[in-house]
Asks: 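Mind having a look at this structure? Questions to follow.
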Amino acid sequence: MPEGHTLHRLAAQINTVFAGHPWRVSSPQGRFIAGAQRLDGQVPQHAEAWGKHLFVHLGPEVWQVHLGLYGAFSFRGDADFAAEATVGAPRAAVGTLEPRYAEDGWLIPEPPKGAVRARVSARHGWADLRGPTTCAVLDLTEYQAVVDRLGPDPLRQGISQDARADAQLRELFLHNLSRRRISIAAALMDQAVIAGVGNIYRAESLFLEGLDPYTPSNQLDPERAAPLWDRLTEQLRDGVAEGRIRTVRTGGSRRHWVYKHQGTACPRCGTVIKAAELQGRRLYWCPGCQRD
DNA sequence: CATCGATGTTTAA
DNA sequence: TAAACCTCGATGC
């Protein structure tokens with residue numbers, strides 16, 4: 001699930017469902033006990049995503065979550081909660097249940113299943129967090145330090161309603177590329193170059209832009225790099241809207257152009273799609289279409 | 001029931 | 001470059 005689109009979606013969902021009211025926080029699994037105690041009973045004011053990080057602000061404290069490779073939130077609640085929590089596409093799955101309420105009017109949650117690192121509860125429902133790489137309570141200095149290490153996030157365009165600020169993000173991306181000698185494929189996975197891109201968006205954006213993944217980042221013509229930023233922006237926004245990554249948008253059942261399609265013919269030029277290991281991750285590309 | 005792999009990152013060597 | 005970490009579903013025997 002988790003490239004940048006997942007986290008931005010999650011931030012929106014948490015804002016809708018939890019922001020502005022005191023919540024209850026626990027760690028059924030037991031590995032976030034101290035943090036949960038600090039967050040419990042506080043009012044989550046605002047959730048935001050920055051690349052693949054989720055931050056929930058509660059006054060001077062910030063809850064930081066990074067889902068890593070397979071971390072996930074699951075939401076469950078009564079009909080009110082489901083109606084509220086269904087942000088955007090219907091598949092923002094909110095499980096519903098036969099509701100039972102405590103004397104204080106709060107929904108009685110189901111017992112946690114499996115390893116639930118953190119459970120956050122509102123009156124009408126709750127969210128369970130499993131398998132995150134990071135689940136921590138930060139102060140504002142620590143929060144700033146995390147954010148400072150991240151490159152521009154295409155999904156943070158449009159936040160300030162300032163077209164010049166958005167243009168600066170793209171310029172920063174071009175600047176970051178110009179200063180790396182690694183391949184463009186490696187650069188896209190470096191969260192200091194651009195934040196929020198993962199293995200699927202890397203493969204799919206380079207394919208659609210016809211870029212050879214092994215081109216050195218600092219040799220990529222800005223005339224080619226700027227459309228790459230725009231392509232990633234479009235793809236990430238589609239992912240937020242739809243709740244899943246689907247870069248092939250021509251109706252059929254195929255979801256990706258090259259990701260996990262190694263050994264089959266490229267739908268565009270017929271060349272056999274390749275896969276190779278690059279810095280511990282699998283890289284997928286079409287040697288026929290991606291030549292510059 | 002055991003093993004493997006996954007849309008990720010950090011640390012050690 | 002490799003291993004470690006975190007969890008769960010798919011696959012294989």
Side-chain angles (χ1 to χ4, degrees), chain A residues 1-11 27-33 35-36 49-55 64-76 89 91-93 95 112-119 127-136 138 142 145-151 153-155 182-183 185-208 213 231-232 234-248 254-263 275-285:
Chain A
M1 314 291 287
E3 293 192 32
H5 68 299
T6 303
L7 283 298
H8 282 263
R9 232 181 127 74
L10 212 39
S27 178
Q29 174 209 47
R31 295 189 44 178
F32 185 55
I33 298 279
W50 203 304
K52 297 172 193 168
H53 296 258
L54 170 73
F55 301 106
Q64 179 201 14
V65 173
H66 193 297
L67 295 177
L69 196 49
Y70 40 71
F73 275 91
S74 58
F75 292 77
R76 267 173 94 64
R91 67 180 299 288
K113 266 188 237 155
V116 176
R117 182 76 58 85
R119 168 172 282 186
D128 284 340
L129 169 64
R130 294 156 209 277
T133 287
T134 306
C135 173
L138 309 183
E142 294 167 321
V146 174
V147 164
D148 285 346
R149 270 182 263 121
L150 295 172
D153 177 349
L155 289 175
I182 54 177
S183 64
L188 289 184
M189 296 289 274
D190 182 342
Q191 302 298 300
V193 170
I194 180 171
V197 175
N199 207 15
I200 300 180
Y201 285 127
R202 156 173 87 173
E204 299 292 288
S205 63
L206 290 173
F207 172 79
L208 284 176
R231 179 71 70 183
L232 283 161
E234 170 194 84
Q235 290 181 329
L236 282 158
R237 283 179 175 165
D238 286 347
V240 172
E242 199 163 345
R244 58 165 31 172
I245 301 176
R246 183 168 64 91
T247 47
V248 177
R254 189 187 182 108
R255 295 237 298 264
H256 311 304
W257 292 104
V258 293
Y259 178 75
K260 284 203 171 164
H261 284 288
Q262 75 275 24
E277 200 80 13
L278 180 69
Q279 295 183 341
R281 308 299 301 279
R282 257 180 143 183
L283 171 68
Y284 304 86
W285 82 107

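Chain naming here is simple, since letters A, B, ... match the order of the sequence lines and numbering starts at 1 in each. These numbers were taken from a predicted model, which means no experiment stands behind them.
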Asks: Tell me, with the steps shown, if A:His53 and A:Leu7 meet side-chain contact (heavy atoms from CB on, under 4.5 Å).
Replies: CA-CA 7 Å; A:His53 296 258; A:Leu7 283 298; over 6 Å; no
Asks: Roughly, in whole Å, what's the span from CD in A:Gln64 to C1' in B:dT10?
Replies: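 Distance check: A:Gln64 CD to B:dT10 C1' gives 13 Å.
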Asks: Indicate the ring-plane relationship of A:His256 and A:Tyr259, choosing parallel, tilted or perpendicular according to the 30° and 60° boundaries.
Replies: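 The rings of A:His256 and A:Tyr259 stand perpendicular, inter-plane angle above 60°.
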Asks: Whole angstrom is fine here: how far is it from CG in A:Leu150 over to P in B:dG8?
Replies: 14 Å
Asks: Please name the pair of heavy atoms, one in A:Ser183 and one in A:Pro213, separated by the smallest distance, quoted to 0.1 Å.
Replies: CB-O, 3.4 Å
Asks: Would you say a side-chain N or O of A:His66 is under 4.0 Å from OP1 or OP2 of B:dT9?
Replies: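 Yes, such a contact exists.
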Asks: If you compare every side-chain N and O of A:Lys52 against the phosphate oxygens of B:dT9 (OP1, OP2), does one of them come in below 4.0 Å?
Replies: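 Yes, A:Lys52 has a side-chain N/O under 4.0 Å of OP1/OP2 on B:dT9.
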Asks: Of all the choices, B:dT9, B:dT7, C:dT7, which nucleotide is nearest to the side chain of A:Asn199 once you look at every atom?
Replies: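 Closest of the options to the side chain of A:Asn199: B:dT7.
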Asks: Go through C:dT7, B:dT7, B:dG8 for me and flag the one nearest to the A:Met189 side chain.
Replies: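 Looking only at side-chain atoms, A:Met189 lies closest to B:dG8.
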Asks: Side chain of A:Ile245 only, heavy atoms from C-beta on: which candidate in B:dT7, B:dG8, C:dT7 is closest?
Replies: B:dT7
Asks: Looking at A:Glu234 and A:Arg231, is any side-chain nitrogen of the basic one under 4.0 Å from a carboxylate oxygen of the acidic one?
Replies: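 Answer for the salt bridge query: yes.
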Asks: Determine: side-chain N/O of A:Arg281 to OP1/OP2 of B:dA6, distance under 4.0 Å, yes or no.
Replies: no
Asks: Check every strand shown and say whether A:Tyr259 touches a base, only sugar-phosphate, or nothing at a heavy-atom separation below 4.0 Å.
Replies: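 Result for A:Tyr259 = sugar-phosphate.
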Asks: What is the base-pairing partner of C:dC8, counting Watson-Crick and G-U wobble geometry with both distances under 3.5 Å?
Replies: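 B:dG5 is the nucleotide pairing with C:dC8.
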Asks: Which whole number of Å gives the distance between the P atom of C:dG9 and that of B:dT9?
Replies: 23 Å
Asks: Without decimals, in angstroms, what is the distance between A:Gln29 CD and C:dC5 C1'?
Replies: 12 Å
Asks: Would you kindly give the CZ-to-C1' distance between A:Arg202 and B:dG8, to the nearest whole Å?
Replies: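 In whole Å, B:dG8 C1' lies 12 Å from A:Arg202 CZ.
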Asks: Just how far, in rounded Å, is C1' of C:dT7 from CG of A:Leu129?
Replies: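 One finds 11 Å between C1' of C:dT7 and CG of A:Leu129, rounded.
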Asks: Tell me: CG of A:Leu232 to C1' of B:dT7, nearest whole Å?
Replies: 14 Å
Asks: In whole Å, what is the span from the CG atom of A:Leu69 to the C1' atom of B:dG8?
Replies: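 It is 5 Å, rounded to the nearest whole Å.
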Asks: Between B:dA6, C:dT7, B:dT9, which nucleotide has the shortest distance from any of its atoms to the side chain of A:Gln191?
Replies: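 Selected nucleotide (nearest to the side chain): B:dT9.
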Asks: When rounded to the nearest Å, what value does the distance between C1' atoms of C:dT1 and B:dT7 take?
Replies: 23 Å
Asks: Take atom C1' in C:dC8 and the same atom in B:dT10, then report the distance between them in whole Å.
Replies: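 After rounding to an integer number of Å, I get 22 Å for this pair.
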Asks: A:Leu283 CG to B:dG8 P: how many Å, rounded?
Replies: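 One finds 13 Å between P of B:dG8 and CG of A:Leu283, rounded.
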Asks: Please check this pair: side chain of A:Gln191 against backbone of A:Gly196, looking for a donor-acceptor N/O pair closer than 3.5 Å.
Replies: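 The answer is yes, because a donor-acceptor pair under 3.5 Å joins these two groups.
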